J.: 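Supplied in structure tokens, the structure appears directly below.
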Amino acid sequence: MALSTDQPDIGTRTTAQRTNSSGSGRGGPSFLMAVPALAFFAAFALIPLGGVVVLSFMEWDGLSSPQWAGLAKWEQTLADPVTRHAMWLTFVFTAVSYVFQAPVALLLGVFMAGRQRYRAFLSVLYFLPLVFSAAAVGITFQSLLDPNFGLSRAFNSEFLGQNWLGDPDLALFVVVFVVAWCFVPLHSLLYQAGVRQIPESLYEAATIDGAGRLARFVNITLPQLRYTIITSSTLMLVGSLTYFDLIFVLTGGGPGGATRILPLDMYLTGFRSYDMGQASAIAVILVAVGLALGLALNRLSGASKMESQQAGL
Amino acid sequence: MNSTASRRSFLGFSGASALALGLAACEGGTQPGENPDGAGSANVWILTGGMWPVISDSVSRWNEAHPDQEISVEEFENDAYKERIRTAVGAGQAPTLVLSWGGGTLADYANNDQIIDLSGSTGDLEERLLPSVAQNGQVDGTTYAVPVNDVQPVVLFYNRDIFDEHGLEVPTTYEEMLSVSAELQDNDVLPFALAGASVWPELKWIQYLTDRIGGPEAFQAVLDGEPDAWSHPAFLEATTRIQELVETGAFGDNYASVAADQNADIALVHTGRAAMLLWLSSAYATFRSDAAEFTESALGWTQFPSVEGGAGDPANIVGNPANVFSVSSAASDEEQEAALGWISEQLYDDTQIEEMIAAGAVPPVQGIADQLAESENGDFLTFSYDLASEAPHFQLSWDQALPPGPAQELLTNLSQLFLMQITPEEFVDNMNATL
């Protein structure tokens, strides 16, 4: 009993020592190697971010010189019905996107992880949308969904001739679908890699114990994919929070503001209405929510104390 | 040891940031305002497509004749240009000749002293222009810009075959529009093609209806910033009629999915699915290139119908009087001189007018009726020219006439009005809030 408690202790100590020694830089690469990367990060991320925070307290139309406006722009932003609606839409868009993308990506990833040749071929097809440019996808879907000359005409189908992008109740879901079409491939790729990491012996043991296909999926695949799910979810949630280009091309925020999510609202406020102050305030909100969401996911999932899922194998 | 490390890291840091700055500078490529071939010569940004090659030709001819006053030309796609020019002007990096659409943006430039007063420095150009178009380059009565391309009034295009087939007459009043619309729908024809996804085509409707009902004064009061100017009864009536048209099915069920960028609205007319289309005269060129045979045999055009009891003159038109050029105040004296020289000597000279007419564009200058009539697209060009030269008032598109903020509010509210999401009263209240 005493022996068995001692042994893991020794193990922990040695790992702790090792982490310490590499942290002090004696064995690993010098801290200076990180300087270029940090400098780039400061120049292209931190300094502009600071600039945006300052601009959010200013009145600036892009032409005249910026005027200090105090909290006026923040009050205006928080009171603006369009921006408030955009906040709500962003929430709906993020949630619906996640609920739609996550299961599809997970199931596709698990399917793609199989070693059969036809699955490898299908994987290549599934992967294609990821390499298309968002602008091209937007224009293509706009044409395909055109009620008069799009898919409906090609297949002579009433159903396909719906007012896809013009119906305020439908447009957001169409956008969610098109965005998912673009991004599911990336996430299924993550899951495919994750599933392939799971040791075969776990499945063999489970099969011997009499577990069926579903039981193996629920009791082995899902728990083993825990960290992949966290990574993929973080990417999905923060990604849909800041998603812009495809929606801009596809609907431009319309019809009547039905797809004007926060990033789009920021762009239109800044570069169409030329109200840089309000646009910056929206940008700061986006940064704050994005950071909070990323941190919260990390905290909730315990990713900060990530540990191996395969101890003992 | 320690101090060397920190010193080295400091040097490394400054080196890296110098590199970063260098990269940032490279990224911008040629900075606007600087000439790639040498310092101090004038430049101009123009758009792609349409009749813009004519302008670039004209500048080349100028450059051949004046090698010491060369003007360099850069072409931009429409939206890319709009988003780039404002920041360039704001940063004092504008090209010598600043292209705009007149209206609110031009007034912003003028009020911030970003462009110079052109009064008296453009030769005899001003006397040759159509007055309704030349007006568009003025801010508070002072000329800050000159037109550069073609006049584009908004015209009601129609498919003659459809009207012949069903024995219908092209509507000349609002009441006739409603009855024709009903009869066309009975025959399974969409009365009006409308690209609602792009929103700006919807502007033509509210602009014409407001003008026919209340005359140009109603919107002028908005431009003048009079309190509650949108409460003018003409706006309420125009928006009510728009919703009447939507509800009676004049635009069909799915116009909000149709995008103008792909010319899907124009295609509806030449494929015989829709009978009429309210569009800028530039749609004629698209009809020609997309459906030459149809254009020849069955494309008709007319003015927007009148509204019974309306105060507006039915000869008034709306649209784009022309794009305009201003001269940047940030440019050097030599650059300004070259730009003004080109404007007064070559803008709308005989060669440019000939080339424009050949390209199917109508130059906004006086006394070219005969030349237009003899040209290949004579009928249509003469029609647009007469429309523009005889119009008592030529209203610039509202989204260009208003400052950018209110213009965006207008587009948002207008699309909601067409979608029946807001009532005419709400539209008026929302717009009054932007004044």
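In what follows, chains carry the letters A, B, and so on, assigned in the order in which the sequence lines appear, proteins first and then strands, with residues in each chain numbered from 1. Values below: every heavy atom of this structure, side chains too, minus hydrogens, waters and symmetry copies. This structure is a prediction, so every number in the text was calculated from the model and none was measured.
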J.: Shorter than 4.5 Å, heavy atoms on both sides: which option in B:Arg273, B:Gln114, B:Gln416 has the most such pairs with chain A?
T.: B:Arg273
J.: Just give me the residue among A:Thr251, A:Asp167, A:Asp61, A:Val82 that pairs up with chain B most often, heavy atom to heavy atom, under 4.5 Å.
T.: A:Asp61
J.: Take atom CZ of A:Phe155 as the centre, draw a 6.0 Å sphere, and report whether it contains more than 12 heavy atoms from other residues, nucleotides or ligands.
T.: no
J.: Can you say whether B:Tyr109 sits under 4.5 Å from chain A via the side chain, the backbone, both, or neither, judging by heavy atoms?
T.: both
J.: With a 4.5 angstrom heavy-atom cut-off, is it the side chain or the backbone of B:Asp108 that approaches chain A, or both, or neither?
T.: both
J.: For residues A:Pro168 and B:Gln421, determine if any side-chain heavy atom of one lies less than 4.5 Å from a side-chain heavy atom of the other.
T.: yes
J.: Please rank A:Asp146, A:Leu165, A:Leu268, A:Asp275 by heavy-atom pairs under 4.5 Å with chain B and give me the top one.
T.: A:Leu165
J.: May I ask you to check whether over 12 heavy atoms, not counting those of B:Asn187, lie within 6.0 Å of atom CG?
T.: yes
J.: At what distance, to the nearest 0.5 angstrom, does CG of A:Leu145 lie from CG of B:Asn254?
T.: 12.0 Å
J.: Using a cut-off of under 4.5 Å for heavy-atom pairs, which of A:Ser65, A:Gly62, A:Pro147 has the most such pairs with chain B?
T.: A:Pro147
J.: Among B:Ala267, B:Gly252, B:Gly196, B:Ala91, who wins on heavy-atom pairs under 4.5 Å with chain A?
T.: B:Ala267
J.: Give, for atom OG1 of B:Thr271 and atom CG of A:Asn148, the distance between the pair rounded to the nearest 0.5 Å.
T.: 8.0 Å
J.: Give the C-alpha distance, both sets of side-chain angles, the deciding distance and a yes or no for side-chain contact (heavy atoms from CB on, under 4.5 Å) between A:Phe149 and B:Leu268.
T.: CA-CA 9 Å; A:Phe149 300 104; B:Leu268 281 169; 3.8 Å; yes
J.: Could you check whether B:Arg86 makes a cation-pi contact with A:Phe271, meaning its NZ or CZ is under 6.0 Å from the centre of the six-membered ring and within 45° of the ring axis?
T.: no
J.: How many angstroms lie between CG in B:Asp261 and CD1 in A:Ile139, if you round to the nearest 0.5 Å?
T.: 8.0 Å
J.: Can you tell if the side chain of A:Arg260 reaches within under 4.5 Å of the side chain of B:Thr412, non-hydrogen atoms only?
T.: yes
J.: Does any backbone or side-chain atom of B:Ala264 lie under 4.5 Å from a heavy atom of chain A? Answer side chain, backbone, both or neither.
T.: both
J.: Could you tell me which portion of B:Leu414 (side chain, backbone, both or neither) has an atom closer than 4.5 angstrom to a non-hydrogen atom of chain A?
T.: neither
J.: Any chance you could measure B:Ser257, atom OG, to A:Asn163, atom CG, to the nearest 0.5 Å?
T.: 3.5 Å
J.: Among B:Ser198, B:Ala256, B:Ala197, single out the residue with the greatest number of heavy-atom pairs under 4.5 Å to chain A.
T.: B:Ala256
